[in-house]
Amino acid sequence: MSSTSITRAGCSYFGVRIPRHVRRDMADLARRGYTGVLHTFSENDLAYYRGTMAEIVAISHDEGLFVQASPWGLGRTFGGEAESRWVAFHPQECQVMDDGRRVAAACLNSAAYRDFCKEWVDWVLECGVDMVFWDEPAWVVAEHVGVEDAARWTCRCERCAERFGRPIPAVLSPEVQAFRQASVVDFLRELLARVTARGGSSAICLLPATEGVVGLADWDEVAALPGLSVLVTDPYWKHWNEPAGPFVRRFARLLRDTADRHRVEAQLWVPSFGLTREDVPELEAAITAAREEGIGDLWTWGYEACRHMTHLATADGELVWEAVSRALTAAGASAERGRA
Ligand SMILES: [Zn+2]
C-alpha cells in the first residue's frame, strides 16, 4: 500500500440549488460520518448558478467536507445526467461517427471545446473547490447520443484528421484506436495544465474498461500526466454485467498498482443508485474487496442512493443508502480511532 494513502468516505450530491436545503443535507452527510462531497458543476450551473455554486461549496466546507467538482455532462464528453448546450451552439465542433453522422458531443480535439473546458476550470476553482474531478472522460458512447448501434464509434471529423495527418480510416484499426486514446490523454493533459496553472488539483476517474470503444488500454499514460493528484475508477458492476466482488477487486488492483507506480493517490467509487435490497451483499463485498486491495478513499454515487432522481432510483433507496453509509463510514471511524 502507498505510504500516503488517504482514508475518506465521500458521496456525490446534485439536483438541489437552494442553499438552505443544501446546508441541511451537508450537515446530514457530516453527521453520518462522510468526510467528502462531490458537487456536480453542469453547463446549466455555469450559465445560471455561478454564484450559487460558490455558496454551496462554502456551505460544504462549513460542515468540514472535502469538496470535489465534476464537469457533469459537459459537452457530453464526461459522465452525468446533464445536457450540453455548448454542443447545440457549436455543431461544427462536434464528433463525427464512423458512418459520417455528426453527433451531439464535442470533439476532444476541438480547440474551441478545450477552451470552453478551461473556462469551466477557472469557474470551479473560483468557487473554491478542493479537487477538480474529471469524470469518465471518453469519446461519446453511441447510445448516449441516440445512436442504437453500440459498435459505432467516433471521431472522424476534420480536426481529428488534421491531427492524425490524413483522413481517419473508416475501420477501427489498432492505429485508429491508438489515436483515439492518445487524443483523450492529450485532452486531459491540456486541462490538467490549466488546473495546475490556477493553483488547483486534479483527479481523473477512468471507466472500468481497458478495451472496447470507450476503454483506455494504458492507464499508465493517464497516471503519468503532470498535475494529477488522484487516479480514480468507478467499477459499477451492474452497468457492465459483472459480478461485484471479482470485478471491483480486479479494477481496485489495477488502480492501486497504477497509482503506486506514479506516486498518486487512488480513489474508488461504488454505486448506490439502481440497487435493490438483493444487491446489498454485493455492494458490501465490493467495498470489502476495494479495502483489501488497499483503497481507503471510497466514494458512492450518490446522496440518498439517488432516490430523488427517477432515472437512477429504486424502491429500496432508503435501505441501500443506510447500508452504503454504514459500510463506507466505518473506515472513517476506525481511522479516527487510529489517529486518536
Ligand atoms: Zn474529431
Side-chain angles (χ1 to χ4, degrees), residues 42-43 46 70-121 132 134-195 202 204-207 209-219 221-222 224-225 227-228:
S42 68
E43 290 188 32
L46 175 60
S70 81
W72 215 36
L74 220 68
R76 301 313 300 256
T77 65
F78 298 98
E81 291 79 7
E83 308 306 332
S84 170
R85 68 175 199 169
W86 195 89
V87 300
F89 290 171
H90 304 85
Q92 72 288 358
E93 303 292 331
C94 285
Q95 297 177 35
V96 174
M97 291 249 152
D98 58 320
D99 61 8
R101 266 181 288 185
R102 203 175 277 278
V103 293
C107 175
L108 302 179
N109 283 324
S110 158
Y113 181 57
R114 291 183 180 194
D115 285 347
F116 175 64
C117 291
K118 290 177 201 166
E119 242 182 75
W120 179 91
V121 164
V132 180
W134 299 107
D135 194 9
E136 302 177 345
W139 290 105
V140 77
V141 176
E143 65 171 356
H144 293 175
V145 284
V147 177
E148 294 294 326
D149 186 352
R152 298 271 72 84
W153 55 273
T154 58
C155 174
R156 297 185 65 217
C157 81
E158 56 278 22
R159 278 167 301 276
C160 285
E162 199 177 307
R163 276 179 184 257
F164 190 64
R166 60 192 164 88
I168 305 291
V171 175
L172 195 53
S173 62
E175 189 189 11
V176 172
Q177 189 64 286
F179 173 76
R180 296 174 85 245
Q181 300 200 8
S183 296
V184 174
V185 174
D186 187 66
F187 172 69
L188 291 169
R189 180 179 293 112
E190 199 168 321
L191 300 185
L192 262 60
R194 180 63 157 227
V195 174
S202 287
I204 297 176
C205 181
L206 296 178
L207 287 162
T210 51
E211 48 198 32
V213 295
V214 296
L216 271 182
D218 186 0
W219 285 22
E221 283 187 30
V222 172
L225 285 172
L228 183 74

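In listed order, ligands and their atoms are each counted from 1.
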So CZ of F179 and CZ of R163: to nearest 0.5 Å the spacing works out to 7.0 Å

Distance col, row Y113:OH vs K118:NZ, nearest 0.5 angstrom, shows 12.5 Å

To the nearest 0.5 Å, atom OG of S110 lies from atom CG of D115 at 8.0 Å

Report for the Zn ion (ligand 1), protein N, O or S closer than 2.8 Å, by chain and number, lists C107 SG, C155 SG, C157 SG, C160 SG

- Query: Should E158 and R102 count as an ion pair when the cut-off is N to O under 4.0 Å?
  - Reply: yes

Note: W134 and P71 closest approach over all heavy atoms is CE3-CG, 3.8 Å

Taken to the nearest 0.5 Å, the spacing of I204 CD1 from L188 CG works out to 4.5 Å

